[in-house]
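Worksheet for the structure shown next.
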Number of protein chains: 4
Amino acid sequence: MIFKSKKRISVGIIGGAGYGGSELLRILLFHPKVQLLFVTSRQHAGKKVASVNRFLTGVTDLVFTEPDIDGIPQDTDLVFFATPHGVSMTMMKALVNRVPKARVVDLSGDFRLKNANVYRQYYGKEHGAAELLERFFYGLPEFCRDSVKNAQYVANPGCFATGIIFALYPLFLADAVGRAVHVVSVTGSSGSGESPKAVTHHPYRAKNFKSYKILEHQHLPEIQQFFRSQFPGRDTEIGIVPQSGPFVRGIYTTSSVYGVSASSDDVRAAFESSYENERFVRIVDESPEVTTVCGTNHVEVAFVCKNDWIVSMSAIDNLVRGASGQAVQNMNLMFGFDEDEGLLFPGMRP
Amino acid sequence: MIFKSKKRISVGIIGGAGYGGSELLRILLFHPKVQLLFVTSRQHAGKKVASVNRFLTGVTDLVFTEPDIDGIPQDTDLVFFATPHGVSMTMMKALVNRVPKARVVDLSGDFRLKNANVYRQYYGKEHGAAELLERFFYGLPEFCRDSVKNAQYVANPGCFATGIIFALYPLFLADAVGRAVHVVSVTGSSGSGESPKAVTHHPYRAKNFKSYKILEHQHLPEIQQFFRSQFPGRDTEIGIVPQSGPFVRGIYTTSSVYGVSASSDDVRAAFESSYENERFVRIVDESPEVTTVCGTNHVEVAFVCKNDWIVSMSAIDNLVRGASGQAVQNMNLMFGFDEDEGLLFPGMRP
Amino acid sequence: MIFKSKKRISVGIIGGAGYGGSELLRILLFHPKVQLLFVTSRQHAGKKVASVNRFLTGVTDLVFTEPDIDGIPQDTDLVFFATPHGVSMTMMKALVNRVPKARVVDLSGDFRLKNANVYRQYYGKEHGAAELLERFFYGLPEFCRDSVKNAQYVANPGCFATGIIFALYPLFLADAVGRAVHVVSVTGSSGSGESPKAVTHHPYRAKNFKSYKILEHQHLPEIQQFFRSQFPGRDTEIGIVPQSGPFVRGIYTTSSVYGVSASSDDVRAAFESSYENERFVRIVDESPEVTTVCGTNHVEVAFVCKNDWIVSMSAIDNLVRGASGQAVQNMNLMFGFDEDEGLLFPGMRP
Amino acid sequence: MIFKSKKRISVGIIGGAGYGGSELLRILLFHPKVQLLFVTSRQHAGKKVASVNRFLTGVTDLVFTEPDIDGIPQDTDLVFFATPHGVSMTMMKALVNRVPKARVVDLSGDFRLKNANVYRQYYGKEHGAAELLERFFYGLPEFCRDSVKNAQYVANPGCFATGIIFALYPLFLADAVGRAVHVVSVTGSSGSGESPKAVTHHPYRAKNFKSYKILEHQHLPEIQQFFRSQFPGRDTEIGIVPQSGPFVRGIYTTSSVYGVSASSDDVRAAFESSYENERFVRIVDESPEVTTVCGTNHVEVAFVCKNDWIVSMSAIDNLVRGASGQAVQNMNLMFGFDEDEGLLFPGMRP
C-alpha cells in the first residue's frame, strides 16, 4: 500500500462549516496521518475556520475557501464532501476529472443509492450524476471492511441508516427477521443541521417529542439496499418511524420482530459473532444509552428475547458514528491506517 | 342522581404530596363541584399544602394530615388514592368499612388487575386485598363511560396504559392488529415520581435516551386485560418497549402492525368513530406532539397507513391524562357532572 | 363605572399569532368578562386560530384576520397590540381615529418611553407616532394601580423590565440603592419570539449560557424612567447584564448593592410593605424559582442582607407576567373588574 | 528535573468513581506521560472501572480498589484526591508518611484555605489536618505557574473559584475593582456530584433557575485568600451569588463594578497582559459561551466597559477547568511536562 509510507495524506473538505464539517475538523486536525489542505464554505469563505468554530481556536489557522474544484491541489489524496444533499452530485464529475486519483468520501445522500429512480422517489429530484453511482461503495466498515479498503469512492451511510443497520444486522444474520421488522428511531436536534428552522426552534423543541416522515424517510432505501446486498433472497419488509427528541446529539433505534423461529441463543450468537471483536461496538445489558456514545465513534447495541418477541436496540452519536467519525473510519481503511486511528476519544461522563 | 343537587361533593386525597397529588390539587381546588376536605401525606403531615406546593400559595390553606382512615369524615363522598403502588391495598378494607358509601378512585396500580396472580407476577408481591379486586372498575372514560358512571370503586389506568390504549383502540376496532402489535412508548422524567433517583439525576437524564423493563412493564397486563374485555376472542400479542426521554412531562406512544387486512379507510373510519365526538381527543395529521397536550387532559392521536404498514400514535401528559386528570374525569362521570368539568384548561404555547 | 354593568367587554388582538398573542388567547378565551371579537395575523390570516395554536382546538372557532384598522368594530372596548416592536406605532393613529373611545394595551415597546429621542437611541429608528407618547401610561399594576384604572392607553412593560422592577422596587423604597445597582437577568428562549433564529437554534441553545446587549438592552430606559418617576430626585445608576439560558419560559433577576446605609430590617420592611398584600407576589425564603411561577401571573421575590451586601431577586414567567398576563391585569383594572379575574391559574408541579 | 527523563510517571487516584474521578480517568488514560497505577472507590471496589464508566470500555482494564493508604505503591509519583470535601484531610497524614516523596493534587476543598478557623466557618467542621495546610499551594496555573512547578502538594481550586478568579483577575490587575465587586455565577447540575439529590432531580431541575448559598458559598474565602495574596493591600469586598441552571456542564460568571477610575483601555490592557499568551484562555467579543468550553480545559473571558460600568465575564467547564483538567495542568507543571500535555482536546460543536 503506497500510502503506508507517507507520513501524512493530503485531505480536503468541501462544505466544512456545518455540523458534519465541524466534526470532521475536530477529528482530522488531530489525526496523526492527515494533513488538512483545504476546507471550503460558500457562506464563510475568507473567514478563519476558528472564527466560525470557536472551539478550534489555537488548533488551526485554516481559512474557509470558496468551493472551487479547479483549484483543488492535484496531489490531494482524499476529498470529503460534507455538503447538504444534492450538492456533491453537481460537483463530482468535475472533481473526478480534476483529481482522478484522489479518493472521495461523500457524507451526503447523493451517492448511496445504486438506482437513480429510487433516488428520485425519495429525494424528490433527478440525480445529476447517475453514471457515477456504480463507482461508489456504501461504506459501513464493520460489515464490509475489505470492500472499503479497495474502494476509491465511498458513500458514507446516513445517520438513521447507520443506527438502524447496527440494530438489525444480527437479526438478519440469525434469520430472525421474518416478514417484517418494526423500527422506531429517534434523533437529536443536531440531525437537522446548523440552519435554524421551525422544528429546531428551542421553545418548540426543548420539551417536545414527535414523529415525521413516517414510513418514508429517505434513509429507508439505503437500508433496504444494504440488507438485500448482504442477505440476498431475504424478503423482509422494514417499517421505519423516525422521531425527533429534545436532545442535541444521538440516535436511539428500537426494532422488534414477533414470532420468528430464531431462539434467544441464536440471537445472542449472532450479536456476538457480529460485534464481539469490534473495537467500536459494545454489546450492553438492558439498553444502549445515548450519553454513553455521545461525542464518540462507538455504537452500543443490546437485545431482549422474551416469549416470541425479539427487541434489538442501538445508540450512536449521529454526528460522529452517523457521519464524520464513520467517514474517517472509512478513510483509515482506504489508506491502510489503523481503523481506529484518530477515533479513540472515549466520550465523557456526564 | 342525588349528587346533581349537591352544590359540592366532599372529597379527600390520600397521598397528596407527590406529583399525582399535586396535579389532583391543582385541578380539584378549582373544580366548581368539589369541596376538598383533607389531603394526607406521611412525610409532610402538619405542613401547609402550599409550603410543599409553592405554586398553590394563596389558593388553599389546607394542611397535610397523617393518613388516618379512622379520622376520615363520614360524609366524605369520594376518596382519591395518589399513593405509590402497594399502599392503597393495605388501607382499602379499612376505608370501605369506615365510609361504606363513599366512592373511591385509586390512581395506583393496586386494583387495576382482576387476577391476583398476575398482580404478583408483575408487581413482585402478594396482593393484600385480593377479595376487593372484583369491586373495582378499570376506568378509561372514553371507552366505558356508562360503566364508570355506575361504579363505586374505580381503578385509574396507568400512564403508559392510557397512552397505549388510546393509540391501539381504533386498530382493535378495525380488526387491524393481526397476531402482534409492536409498541414503543417514551415517558418524561416526572413519571418516576418526586423522589430523586439515579435514573432522574439531571446530569444523567438531561441528554439521555434509553429503554427499560423491555417487554415486561407492569402496565402490560392491564392493557391486555382491557383489550380482552373489550374485544373478547381476539388473540393479539402486545409487545411494549418502555423508554425514558429527556423531558419532564408527557408520554409518546408509537405502535405498528404489518400485513393485516384492514384498509386505510377502515383505519380512518375506526379512528373517527372512536374519537371524533370526544372533547378530549384530537385526531391530528402526521404526528401527535407532547408539548401540545402538556398540562392538559387532552389526547392527541394520529395514524399513517402505507403499503402494508399501519402506524398509530398518541401523546398524553402522563400526570394529567395519565393520572390525575383522568381520575377527575372519572369522578365527574361517577357523580353525574359534566365530564369536562374542571378539566378544560388548554395548555400553553410554547 | 359603566363597564361593571356589562356582562362582557368586546376585545380584539392585533398580532395574535406569536407567543404573546397565544398567551393572550389562552387567558382571554377563558376570561368571564371578555368577548373576543377578532384576532389578526398577517401571516396566518384566513386560518383558524386553533390550526396555529393546536392547544386551543375546541376552545375557539376564531379565524385570524388581516390587521385592518378600518374593519375594527366600532363597539370594540379594548384592543391589545401583541405585535413586534415598531408595528403598533404605525397603526396607532388610525386606531385612535377609528375607535376613539376604545382602550388600548400595547404589549410592544413602542409607547413605553416618554422621550422619542431615547426611543431612537435604544430602538434604532425614529418613532412614528411621537405625539401619542404622552397619552400612554406605563402600566405596572402593583405600583401604580390607580393610574392604570384611569388610563385609556396603557404601555405594557417589557419582560426584563417587569422582572427587574419587582426586584428593585423595595430597595428604592428603603433608600437602599446607593449610587449604583448591579443587575443580572437571565431569560428563557421564548423571549426571542416564535421565529427561529440562530440564538434559539436548539443544538446551540440547549446547553448554552451567555450574555448579550450588555449594559445597553432596550428595557433599560423604561426602568430608569419608571424609577425616576416613582422616586424623583434619586440619582441611582442601573447596570443591566441580560443573559440567555437554556430553558423556555421565565426570567430570573439578581440585583445587588453594596455599602448602603439601609439595615436588614429596613429592607424587610420595604419588601413587606411593597408586596405583602399583593395576591400575585410571593416573598419567599432563599431564592425565587422559575418553575414555580412558570405559566402564571405570579412574581416571586426574595432578598438576602449580609455584612454590607444586599441581594434582591425575582422570578417571573416572561410571557405571562412579563407580557400577556400583566396586560390582562391592566385590562381588569381599566374596566373595574377584579384585578385577578381570569388570572388565577396557579401553574404546575413539576 | 528528574521526571523529564522518565517515560511515564506513576499516578494514582483516590476517589475515582465520581464525576471528578471520571474526568481524571478520561484525561490520564490518554496522557502520554502517565501510567495510571490505581483508582480507588469505596462504593465500587472490585468492579471494573469500565463497568461504572461505560464510556471507558476498551480504554482500560483497571479495577477499582479500596482506598488503602498502606497499599499505595512506594514508587508512586503523584496521588490525586477526587474525594468529597472532608475526606482527604482524614487520609493525608498517612499518605505523607507512606509515600513521603510523592506529590499530591487534592481536588477537594480540604487544603485550599490556610486558616483552619475559616475552614470551620465555611465547611462547618473542624479541620482534621490543620498542620498540613501550610504545605499546600493553591494551584491556579496561569497566575502562579512558577510556584506550582516547585510545589509538592497542590490544592486544586474550586470550580466557582476558578471561574470567578479568571473573570476578576484583570480587574484587580487594572486596579479596577474599587470597594466592591458584584459577582453572579451559575453552575450546571454536574457541579452537585453524581449522587441524586432533590436539587438535581430532573423534573425539578430541567426548567428551573435559582440562587443558593447567597453571599456565603464556601468558595468565597479561597477567592479572597487568592486576591489578598496576589494583590496585597487591596481591600475589595467580593459578593457572590451562586446559582444553579438547567444545563449539565459549565460555570458562567458575571462580575460588575461601577465608578472606578480605570479606563476602558486600562481594562483591555489588563486582559491582554493576563491572557493573550495563555494557550487555554480566549478573550472573546461580547460574551463567553458555556458550550464553547464544554468538555475542555479552556477558559473564555470577555469584558464590556460603558459609562462608568465594567462588566467582566468568564465561562469554564466545571469538571475540566474547574476540577480535573486543571488538576492535570498542575501535574504537568509539577513534573516539568508541557503544560498542555494531554489537555488539548478542543470540545465539540454543537
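This structure is a prediction, so every number in the text was calculated from the model and none was measured. Here is the naming used below: chain letters follow the sequence lines, and residue numbers restart at 1 for every chain.
- For the atom pair B:R205 CZ and D:R205 CZ, the distance stands at 16.0 Å (nearest 0.5 Å).
- In this structure, the portion of B:F247 lying under 4.5 Å from any heavy atom of chain D is its backbone and not its side chain.
- Between B:V248 and D:A206, the shortest heavy-atom contact is CG2-CB, 3.7 Å.
- Residue contact with chain D, scored on non-hydrogen atoms closer than 4.5 Å, involves the backbone of B:S195 exclusively.
- In terms of heavy-atom proximity, D:Y204 sits nearest to B:Y19 at N-OH, 4.5 Å.
- With hydrogens and angles ignored, the 3.5 Å screen pairs a side-chain donor or acceptor of B:H201 with a backbone N or O of D:G193.
- Interface check for chain D: of the options B:S192, B:P196, B:P246, B:S190, the most heavy-atom pairs under 4.5 Å are formed by B:P196.
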